[in-house]
Amino acid sequence: MIITGLYASLLFFLYFKLTRNVISLRRKHNIALGDGKNNLLEMAIRAHGNFIEYVPIGLILLGALELNKMNKLIVFVLGAFFLAGRIYHAASLQKEINIEFRIRGMKLTLYSLATMAGLNILLFFVRI
């Protein structure tokens, strides 16, 4: 599962950045819990939350494709689309909402997840 390992590692660095954003804003505005009605902190919390809501299922689906011996190039490209989607979405919630990046990020995320899920189902029926 070397390709999944690569993308899990790259996604970790984005997760680390999103986590640091939340911590930094909490310290800066002295807000220990919640968002304190601070818009920047609210966006940082949601960027972090949205990331952690989507990434686990993406890595599970990607890893399943790799374990089921899907073509490595297809696995690599789907991982790249998923990573790009997460980067666009995270970037869409920095300082002010960038709706174009947000839409692009969610499309890349959801389409790559749907493709991975569909391919895993297809592999199931082809291999049984």
Side-chain angles (χ1 to χ4, degrees):
M1 291 208 343
I2 193 137
I3 298 170
T4 303
L6 169 68
Y7 284 111
S9 298
L10 293 171
L11 286 160
F12 164 77
F13 288 108
L14 181 54
Y15 179 74
F16 185 79
K17 168 77 170 108
L18 295 171
T19 301
R20 293 286 303 159
N21 288 351
V22 173
I23 292 168
S24 176
L25 287 167
R26 285 191 185 287
R27 286 182 179 162
K28 180 178 178 180
H29 299 286
N30 198 29
I31 301 169
L33 186 63
D35 61 27
K37 298 187 184 201
N38 181 294
N39 288 340
L40 288 178
L41 180 54
E42 180 183 11
M43 286 192 301
I45 290 169
R46 282 312 310 141
H48 181 267
N50 187 278
F51 181 91
I52 205 61
E53 291 163 4
Y54 282 92
V55 168
I57 191 65
L59 290 174
I60 290 167
L61 291 169
L62 193 67
L65 285 175
E66 199 167 2
L67 284 172
N68 288 318
K69 305 203 183 328
M70 174 56 73
N71 179 287
K72 290 184 186 312
L73 181 60
I74 292 171
V75 175
F76 187 83
V77 168
L78 286 169
F81 284 147
F82 183 71
L83 175 63
R86 297 292 72 213
I87 291 170
Y88 270 112
H89 189 272
S92 78
L93 293 173
Q94 301 300 309
K95 302 199 189 228
E96 61 182 54
I97 295 175
N98 181 327
I99 197 68
E100 288 181 34
F101 274 26
R102 193 159 189 200
I103 291 168
R104 188 173 299 149
M106 288 312 301
K107 281 183 177 180
L108 282 167
T109 297
L110 292 173
Y111 293 156
S112 62
L113 287 173
T115 303
M116 288 187 273
L119 286 172
N120 275 302
I121 292 167
L122 179 66
L123 286 171
F124 173 80
F125 286 109
V126 167
R127 303 256 165 91
I128 59 167

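From Asn120, atom CG reaches atom CE of Met70 across 7.5 Å, with rounding to the nearest 0.5 Å. Considering OH of Tyr54 and CG of Leu110, their distance stands at 5.0 Å, rounded to 0.5 Å. Note: Asn21 CG to His48 NE2 = 9.5 Å, rounded to the nearest 0.5 Å. Distance check: Glu42 CD to Leu93 CG gives 10.0 Å after rounding to the nearest 0.5 Å. Considering OH of Tyr7 and CD of Glu66, their distance stands at 10.5 Å, rounded to 0.5 Å. To the nearest 0.5 Å, atoms CD1 (Ile60) and CG (Leu67) are separated by 11.5 Å.
Cluster membership check: Ile2 shares its hydrophobic cluster with Leu10, using side-chain heavy-atom separations under 4.5 Å among Ile, Leu, Val, Met, Phe, Trp and Tyr. Residue Leu65 is grouped with residue Val55 when hydrophobic side chains (ILVMFWY) are merged at heavy-atom distances under 4.5 angstrom, including chains of intermediate members. When hydrophobic clusters are built by joining Ile, Leu, Val, Met, Phe, Trp and Tyr residues whose side-chain heavy atoms come closer than 4.5 Å, directly or via intermediates, Leu25 is not grouped with Leu14. Note on Ile87 and Leu6: same hydrophobic cluster, where clusters join Ile, Leu, Val, Met, Phe, Trp and Tyr whose side-chain heavy atoms are under 4.5 Å apart, directly or indirectly. Leu18 and Met43 fall into different hydrophobic clusters, defined by Ile, Leu, Val, Met, Phe, Trp and Tyr side-chain heavy atoms under 4.5 Å apart, directly or through other members.
Arg86 places a side-chain heavy atom less than 4.5 Å from the side chain of Leu11.
Within a 6.0 Å radius of CD in Glu53, more than 12 heavy atoms belonging to other residues, nucleotides or ligands are found. For Arg27, the CZ atom sits in a loose shell: 12 or fewer heavy atoms of surrounding residues, nucleotides or ligands are nearer than 6.0 Å. Enclosure of atom CG in Asn30 is not indicated, since only 12 or fewer non-hydrogen atoms of other residues, nucleotides or ligands lie within 6.0 angstrom.
Contact record, Arg102 with Ser92: N-CB, 3.3 Å, taken as the closest heavy-atom pair. Taking both residues in full, the closest heavy atoms of Gly34 and Arg26 are given as O-NH1, 2.8 Å, listed atom of the first, atom of the second, then distance.
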- Step by step, would you call Asp35 with Arg46 a side-chain contact (heavy atoms from CB on, under 4.5 Å)? CA-CA 10 Å; Asp35 61 27; Arg46 282 312 310 141; over 6 Å; no
- Please test Met116 against Val75 for side-chain contact (heavy atoms from CB on, under 4.5 Å), starting from the C-alpha separation and ending with a verdict. CA-CA 8 Å; Met116 288 187 273; Val75 175; over 6 Å; no
- Query: Leu119 and Leu78: side-chain contact (heavy atoms from CB on, under 4.5 Å), yes or no, with the steps?
  - Reply: CA-CA 11 Å; Leu119 286 172; Leu78 286 169; 3.7 Å; yes
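Not less than 6.0 angstrom separates the ring centroid of Phe81 from the ring centroid of Tyr111.
When each of Tyr88, Tyr15, Phe13, Phe12 is checked for a ring-ring contact (aromatic ring centres under 6.0 Å, His included) with Phe51, only Tyr15 meets the rule. Considering Leu113, Val77, Leu62 as possible partners of Phe82, the one that fulfils the side chain to side chain contact (heavy atoms under 4.5 Å, CB included) test is Leu113.
Remark: side-chain polar atoms of Thr109 are not paired, donor with acceptor, to backbone N or O of Met106 under 3.5 angstrom. With hydrogens and angles disregarded, a donor-acceptor distance shorter than 3.5 Å links the side chain of Ser112 to the backbone of Leu108.
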